[in-house]
Amino acid sequence: QVQLVESGGGLVQPGGSLRLSCAASGFTLDHYAVGWLRQVPGKEREGVSCINTSDGSTLYLDSVKGRFTISRDTARNTVYLQMNNLQPEDTAVYYCATAGPWCPAVASDFGSWGQGTQVTVSS
């Protein structure tokens, strides 16, 4: 079965770091663009980052540039999101999702989604 599982979320103080993992089973992530998106109650999903399959180029939400890094580990069939200098506004449920082969312009154009992992940034 095609499945994405996010992990690595938790509670962290402002300025702290987390690394989120998106592990895939049933398919090879290298064949797809993979994005990280987040959602807070009452708001639509917001694209955070995406990595393209063909050239490995990456995209970032402007507010996370310089703080977040997306990467792919083909051996583990996993995509990561390293989040540094976390701020309260980063609090959300984070999802990974696939599209292919290029990062889509809107969240609705992603295909498979994981179940999400909660990130809470608070003192």
Side-chain angles (χ1 to χ4, degrees):
Q1 294 181 345
V2 174
Q3 187 176 16
L4 295 172
V5 178
E6 300 96 333
S7 62
L11 175 64
V12 65
Q13 295 182 358
S17 298
L18 289 171
R19 188 178 73 163
L20 305 184
S21 298
C22 174
S25 61
F27 67 102
T28 301
L29 280 179
D30 270 356
H31 297 165
Y32 301 89
V34 180
W36 284 97
L37 305 95
R38 64 189 182 188
Q39 187 170 28
V40 299
K43 295 185 178 180
E44 296 297 317
R45 289 187 183 91
E46 177 183 47
V48 176
S49 185
C50 189
I51 183 166
N52 286 298
T53 184
S54 295
D55 59 6
S57 60
T58 56
L59 301 171
Y60 294 95
L61 181 67
D62 189 65
S63 63
V64 309
K65 289 180 179 177
R67 299 189 297 120
F68 291 11
T69 303
I70 189 170
S71 62
R72 186 194 306 263
D73 186 332
T74 58
R76 294 181 179 271
N77 206 25
T78 300
V79 171
Y80 301 97
L81 184 68
Q82 178 67 45
M83 305 186 295
N84 297 325
N85 192 23
L86 284 160
Q87 301 299 312
E89 58 264 33
D90 297 316
T91 296
V93 177
Y94 283 72
Y95 301 87
C96 65
T98 61
W102 302 103
C103 294
V106 296
S108 60
D109 286 340
F110 281 96
S112 297
W113 293 78
Q115 86 290 343
T117 185
Q118 176 71 49
V119 172
T120 302
V121 185
S122 176
S123 298

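Nothing here was measured: the structure is a model prediction, and the numbers come from that model.
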Within residues 4-31 or reaching into it, pairs that qualify as side-chain hydrogen bond (donor to acceptor under 3.5 Å, both in side chains) - sequence neighbours excluded = Ser17-Asn84
Please report the closest heavy-atom contact between Pro104 and Asp109, naming both atoms and the distance.
-> CB-CB, 3.4 Å
Derivation and outcome, side-chain contact (heavy atoms from CB on, under 4.5 Å), residues Leu37 and Phe110 = CA-CA 10 Å; Leu37 305 95; Phe110 281 96; 4.0 Å; yes
Tyr60 reachable from Val79 in the ILVMFWY side-chain graph, under 4.5 Å edges = yes
If you measure from CD on Gln39 to OH on Tyr94, what distance do you get to the nearest 0.5 Å?
-> 12.0 Å
Does NZ or CZ of Arg38 come closer than 6.0 Å to the centre of the six-membered ring of Tyr95, within 45° of the ring's axis?
-> no
CZ/Phe27 to OG1/Thr98 distance, rounded to the nearest 0.5 angstrom?
-> 5.0 Å
How many angstroms lie between atom CZ of Phe68 and atom OG1 of Thr58, to the nearest 0.5 angstrom?
-> 14.0 Å
Do Val5 and Leu29 belong to the same hydrophobic cluster, where Ile, Leu, Val, Met, Phe, Trp and Tyr are linked whenever their side-chain heavy atoms lie under 4.5 Å apart, directly or via other members?
-> no
Here the pair of heavy atoms bringing Trp102 nearest to Ala99 is O-CB, 4.1 Å
In this structure, SG of Cys22 is separated from CH2 of Trp36 (nearest 0.5 Å) by 5.0 Å
Is it possible for you to say whether Tyr80 and Leu20 belong to one hydrophobic cluster, with membership spreading through side-chain heavy-atom contacts below 4.5 Å?
-> no
What heavy-atom pair brings Leu4 and Ala24 nearest, and what distance separates the two atoms?
-> CD2-CB, 3.7 Å
How long is the gap from OG on Ser71 to CD on Gln82, to the nearest 0.5 Å?
-> 8.0 Å
Run the side-chain donor-acceptor check on residues 116-123: report pairs under 3.5 Å with partners two or more places apart or on a different chain.
| unit_1 | atom_1 | unit_2 | atom_2 | d |
| --- | --- | --- | --- | --- |
| Thr117 | OG1 | Gly9 | N | 3.1 |
| Gln118 | NE2 | Ala92 | O | 3.4 |
| Gln118 | NE2 | Thr120 | OG1 | 3.4 |

Residues Leu18, Leu86; criterion side-chain contact (heavy atoms from CB on, under 4.5 Å); working and verdict | CA-CA 8 Å; Leu18 289 171; Leu86 284 160; 4.0 Å; yes
Side chain of Ser63, backbone of Leu61: donor and acceptor closer than 3.5 Å?
-> no
Evaluate side-chain contact (heavy atoms from CB on, under 4.5 Å) for Asp90 paired with Arg67, printing each intermediate quantity in order.
-> CA-CA 11 Å; Asp90 297 316; Arg67 299 189 297 120; 2.8 Å; yes
Ser49 vs Leu59, side-chain contact (heavy atoms from CB on, under 4.5 Å): CA-CA, chis, key distance, verdict | CA-CA 5 Å; Ser49 185; Leu59 301 171; 5.8 Å; no
Strictly by modelled atom types, are Ser57 and Asn52 linked by a side-chain donor-acceptor pair under 3.5 Å?
-> yes
